[in-house]
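Reading through the structure tokens given below for one structure.
Scope of the values below: all heavy atoms of this structure, side chains included, with no hydrogens, waters or symmetry mates. Chain letters run A, B, ... following the sequence lines, proteins first, then strands; residues in each count from 1.
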Amino acid sequence: DAKTTQPPSMDCAEGRAANLPCNHSTISGNEYVYWYRQIHSQGPQYIIHGLKNNETNEMASLIITEDRKSSTLILPHATLRDTAVYYCIVRPYSTGTASKLTFGTGTRLQVTL
Amino acid sequence: DVKVTQSSRYLVKRTGEKVFLECVQDMDHENMFWYRQDPGLGLRLIYFSYDVKMKEKGDIPEGYSVSREKKERFSLILESASTNQTSMYLCASSLDPGLSYEQYFGPGTRLTVT
């Protein structure tokens with residue numbers, strides 16, 4: 001699996017957009033980018049995933065660069081409830097045996113008043 | 001609503017005890033996983049199962065075993081608990097990987113071995 005690099009921590013003011021970067025310079029053509037987050041004392045929660053096109057859902061937007069070597073997760077209007085550790089993961093989208101996810105150490109996002 | 005439940009939120013056991021951690025999902029998912037999470041190390045996969053009675057080792061299976069007798073239930077067993085198994089244990093499930101890699105996680109069990 002491709003390795004990812006994320007900043008260890010970031011701050012964001014409530015109501016502002018939170019932009020969380022992820023570097024995955026060794027990503028290969030069949031690997032997707034996934035984002036999860038983990039709020040304190042809870043299990044991880046799926047946010048969004050994409051291959052090469054930008055994606056948006058009710059939680060966030062995912063912007064993937066044209067060369068696919070990096071991506072940015074955007075929380076458009078961060079709230080205090082978005083304070084969490086955010087994980088960027090790359091993984092092949094293939095059939096076969098179970099879908100193992102390899103989590104790194106993520107980015108700790110602190111949303112402040 | 002999607003649900004993965006784990007038998008305990010907090011557990012304290014003594015060294016050498018046999019420990020069972022239970023996980024149940026109500027989504028009819030094929031795949032189930034056990035991870036442990038430790039500060040500075042992120043989540044590490046212990047074992048996973050892609051079908052009833054099927055299991056595969058993850059990255060750190062030593063000292064653990066698993067059981068999947070029914071589709072909805074996946075158990076993690078510590079045959080003889082040791083202090084280095086003190087950790088947060090997370091269970092997850094997902095549909096067949098041909099459809100999605102979205103994994104649904106339980107709330108976790110914080111195990112302390114003394």
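The environment of CZ in Arg9(B) is crowded: more than 12 heavy-atom neighbours from other residues, nucleotides or ligands sit within 6.0 Å. Surrounding CZ of Arg44(B) are more than 12 heavy atoms belonging to other residues, nucleotides or ligands, all under 6.0 Å away.
When side chains are defined from C-beta on, His49(A) does not count as touching Glu102(B), because their heavy atoms never get closer than 4.5 Å. Between Phe105(B) and Tyr46(A) the shortest side-chain heavy-atom distance does not fall below 4.5 Å.
In the hydrophobic clustering of this structure, Phe48(B) groups with Met88(B); members are Ile, Leu, Val, Met, Phe, Trp, Tyr whose side-chain heavy atoms approach within less than 4.5 Å, directly or through other members. Met10(A) and Met59(A) end up in the same hydrophobic cluster when Ile, Leu, Val, Met, Phe, Trp and Tyr side chains are linked at under 4.5 Å. Tyr10(B) and Tyr89(B) are assigned to two separate hydrophobic clusters, defined by single-linkage of ILVMFWY side chains at heavy-atom distances under 4.5 Å.
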Could you walk me through whether Leu90(B) and Gln38(A) satisfy the side chain to side chain contact (heavy atoms under 4.5 Å, CB included) test, starting with their C-alpha distance in whole Å, then the side-chain angles of each, then the deciding distance to 0.1 Å, before giving a yes or no? CA-CA 12 Å; Leu90(B) 290 156; Gln38(A) 188 172 20; 3.9 Å; yes

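Gln37(B) touches chain A through its side chain: at least one heavy atom from C-beta onward sits under 4.5 Å away, while N, CA, C and O do not.
Heavy-atom pairs under 4.5 Å with chain B were tallied for Pro44(A), Ser41(A), Gly43(A); the largest tally goes to Pro44(A).
Checking side-chain atoms of Tyr87(A) against main-chain N and O of Leu43(B) turns up no donor-acceptor pair under 3.5 Å.
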